[in-house]
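What follows is a short report on a single structure.
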Amino acid sequence: MPESQIDLIPAEEKLQRSKDKAKKAGVVVTLIMFLLVLAGSVGISFYLRSIDGELAVANQNVEDKKKRIGDRAEIEIRARNLDSKYNYLTDIFKNRLYYSILLSELSKRVPSNAHISTIDSSEPETLNLSGDSTDYVALAKLLNALASSEYASPSATANPQQNLFSSVTINTVTLDPNDSRAKFNLVITVDTERLKK
Amino acid sequence: MDLNTGIKKPRVQKAFLVGTVFPLALLLGTVLLFFFVLYPKYKELPQKRDDIVKLKQKADALEGKIKKLNDLVDFKDVLQENSDLLDAAMPSQAEVPILLTQVQLIATEAGLNIKNLSYSSSSDSGEKSGEVNVLLSADGNFNQVTAFISSVEKAARLIDISTIRLTAIEENKTDELATGKLEISLGLKSPYFFVESKATTEDAITIDLNNSDFAAFMNRLKELRIYKTTVDTTNIGKENPFSK
């Protein structure tokens, strides 16, 4: 028969021992946690210090460069002035209308038996034209010539299908009883894109 | 038969300190270290890394700017020449008398007979820019008007035609449009632009003197005719300002 052990430890004592073990384990765990956090804190502090050092060097580098740029402030201002004016002028030149094209294109389209007495343009897109012609056929000739891109010079339009005068409208036409000439007033719509270079 | 005699003596205060106070203190220390040291410093990290990256990028950009400025110093004369061309095309101020002189000169050269040349207004489109409006009334023929307008378009100081009115004066049915006398009324406008830049170290300089568009534009300006008018400082001061 196996030798039996008689456990004389009271239940309270057993419980107390378990509690002690748990406490010991708790101490170890908290100690490990503390050490880990401490190590992490120390490590990150050193790392941050090295980053701060890098930052200081980078800052110094930037300041040195700024100083070097500051020494050339005069040339920078001149360059910036040039840049501003250049940008402003390129915009203006892009949208500039060359009325010499308009007059040149117009004169090419007036038939010999028609006469222009007034050219008026207060808006770039509209041209008022008044005059007279020997007869209605001469007026028709003028209208056809104005509406056609056939007479356009190469400088006025890159595309032969596009005409400087996009539309021609007769405002008034009257036959003068004194000389039997057709007096007309036309409103011409100008494609201002064709006046740009 | 063994008797279990492992009955411990009653726990003293030391055991309480080691078993309870010490771990609690450690826990408290851990929490404090975590929330007051580790976590705040950890949070700083990305920002600082980002700062370094930004500073390095800034240093690179500034280095590029230094290089550009050095290039501009080397091409100082070209820069000045281009600035002069732009100033001729677009003065910093209205300079009305000089503009009127230029228009008068061009009109005379074109053969127009000036009846009236007047400055009507200046319109400020902003703090720095504006337009000078001039009205020209003259007599001449169609060829002379065309020559005038062509010269205006080729003049260095930018002048645009805003309104145009040509009226035949005489019966020129036989002469046609080219030779008949015309009454000419032209509205002219000339822009000006005042620039006062500042040296801002951190902004890049965008102008590129070697850029083909820039070079082409400058060549275009070089082809324009500069009408030079010198305003000297001689003969200034008069005893009687009303005397002619």
Side-chain angles (χ1 to χ4, degrees), chain A residues 5-9 13 20 23 26-27 30-31 33-34 37-38 40-41 44-45 48 51-52 54-55 58-59 61-62 65-66 68-70 72-73 75-86 88-90 92 96-100 103-104 107 110 112 115-122, chain B residues 1-4 6-7 19 22-23 26-27 29-30 33-34 37-38 41-42 44 48 51-52 55-56 58-59 62-63 65-66 69 72-73 76 79 82-83 86 89-90 142 145-146 149-150 153 158 160-161 163-168 173 177 191 193 195 197-199 201 205-207 214 217:
Chain A
Q5 260 190 338
I6 300 167
D7 190 359
L8 296 176
I9 302 168
E13 181 58 26
D20 286 348
K23 274 185 184 174
V27 169
T30 48
L31 188 65
M33 273 171 59
F34 177 77
V37 171
L38 183 70
S41 301
I44 210 162
S45 296
L48 271 178
I51 283 187
D52 284 341
E54 260 186 79
L55 267 172
N59 252 323
N61 190 17
V62 165
K65 288 185 195 310
K66 278 185 182 175
R68 280 168 67 194
I69 289 170
R72 283 169 166 62
I75 202 94
E76 187 185 344
I77 289 169
R78 278 164 66 180
R80 285 192 189 285
N81 285 346
L82 182 73
D83 197 21
S84 300
K85 273 206 169 178
Y86 165 66
Y88 192 75
L89 263 174
T90 41
I92 288 181
R96 193 178 192 200
L97 303 181
Y98 291 82
Y99 277 86
S100 56
L103 295 183
S104 158
S107 65
V110 180
S112 55
H115 158 248
I116 306 296
S117 57
T118 309
I119 297 172
D120 191 353
S121 171
S122 48
Chain B
M1 198 169 83
D2 291 333
L3 281 174
N4 191 343
I7 301 168
F22 181 60
L26 279 180
L27 199 64
T30 306
L33 264 179
F34 182 81
V37 181
L38 186 62
K41 284 192 188 288
Y42 177 75
E44 275 179 44
K48 294 217 171 186
D51 287 349
I52 286 185
L55 276 172
K56 282 183 179 166
K58 199 173 180 182
L62 291 175
E63 189 57 47
K65 188 172 173 179
I66 289 170
L69 282 171
L72 286 171
V73 170
K76 211 172 180 177
L79 189 72
N82 289 336
S83 296
L86 289 173
M90 174 83 64
F142 187 73
V145 180
T146 313
I149 292 175
S150 294
E153 287 167 355
L158 214 71
D160 284 330
I161 312 282
T163 59
I164 182 164
R165 187 177 169 84
L166 309 176
T167 312
K173 287 166 195 167
L177 199 63
F193 184 51
V195 194
S197 301
K198 284 178 183 164
T201 44
I205 297 169
T206 49
I207 191 107
F214 179 79
F217 185 77

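To find a chain, count down the sequence lines: A is the first, B the second, and so on, and within it residues start at 1.
Atom OH of Y88(A) sits about 13.0 Å away from atom CG of L86(B), to the nearest 0.5 Å. Rounded to the nearest 0.5 Å, atoms CD1 (I164(B)) and OG (S122(A)) are 11.5 Å apart. Rounding to the nearest 0.5 Å places CG of L82(A) at 10.0 Å from OG1 of T206(B). Taken to the nearest 0.5 Å, the CG atom of L103(A) stands 6.5 Å off from the CG atom of L166(B). If you take OG1 on T163(B) and CG on D120(A), they are separated by 8.0 Å, rounding to the nearest 0.5 Å.
A 4.5 Å side-chain heavy-atom check between F22(B) and L31(A) finds at least one atom pair inside the cut-off. When side chains are defined from C-beta on, I44(A) counts as touching L38(B), because their heavy atoms get closer than 4.5 Å. At least one side-chain heavy atom of L69(B) sits under 4.5 Å from a side-chain heavy atom of I69(A). Within the 4.5 Å cutoff, no side-chain heavy atoms of R165(B) are placed close to those of I119(A). The closest side-chain heavy-atom distance from V195(B) to R80(A) is not below 4.5 Å. Counting heavy atoms from C-beta outward, E63(B) and R68(A) have side chains that approach closer than 4.5 Å. The shortest distance between side-chain heavy atoms of I205(B) and E76(A) falls below 4.5 Å. By the 4.5 Å heavy-atom criterion applied to side chains, L79(B) and I75(A) are counted as neighbours.
Residue V27(A) comes nearest to L26(B) through the heavy atom pair O-CD1, 4.1 Å, listed as atom of the first residue, atom of the second, then distance. Residue K56(B) comes nearest to E54(A) through the heavy atom pair NZ-OE1, 3.9 Å, listed as atom of the first residue, atom of the second, then distance. Annotation for L33(B) and F34(A): closest pair CD1-CE1, 3.9 Å, computed over non-hydrogen atoms. Shown here for S100(A) and I149(B), the closest heavy-atom pair between the two residues is N-CG2, 3.6 Å.
Heavy atoms of K41(B) lying under 4.5 Å from chain A belong to its backbone as well as its side chain. For N61(A), the part sitting under 4.5 Å from any heavy atom of chain B is the side chain, from C-beta outward, and nothing else. Heavy atoms closer than 4.5 Å to chain A are found in both the backbone and the side chain of F193(B). Only the side chain of I92(A) has a heavy atom closer than 4.5 Å to any heavy atom of chain B.
Looking only at heavy-atom pairs under 4.5 Å with chain B, the residue among L38(A), I77(A), L97(A) that has the most is I77(A). Heavy-atom pairs under 4.5 Å with chain A were tallied for L27(B), I66(B), V37(B); the largest tally goes to I66(B).
Side chain of K58(B) to main chain of V62(A): no donor-acceptor pair is present (N/O by atom type, distance under 3.5 Å, no hydrogens or angles). In terms of modelled atom types and a separation under 3.5 Å, the side chain of N81(A) and the main chain of S197(B) share a donor-acceptor contact.
Aromatic ring pairs are classed by plane angle as parallel below 30°, tilted from 30° to 60° and perpendicular above 60°; the pair Y86(A) and F217(B) is perpendicular.
A salt bridge is defined here as a Lys NZ or Arg NE, NH1 or NH2 lying under 4.0 Å from an Asp or Glu carboxylate O, and E153(B) with R96(A) fails to meet this definition.
Applying the side chain to side chain contact (heavy atoms under 4.5 Å, CB included) rule to K48(B) yields the partners L48(A), I51(A), D52(A), L55(A), E44(B); only residues at least two apart in sequence or on another chain are considered.
Within a 6.0 Å radius of OH in Y42(B), other residues, nucleotides and ligands contribute 12 heavy atoms or fewer.
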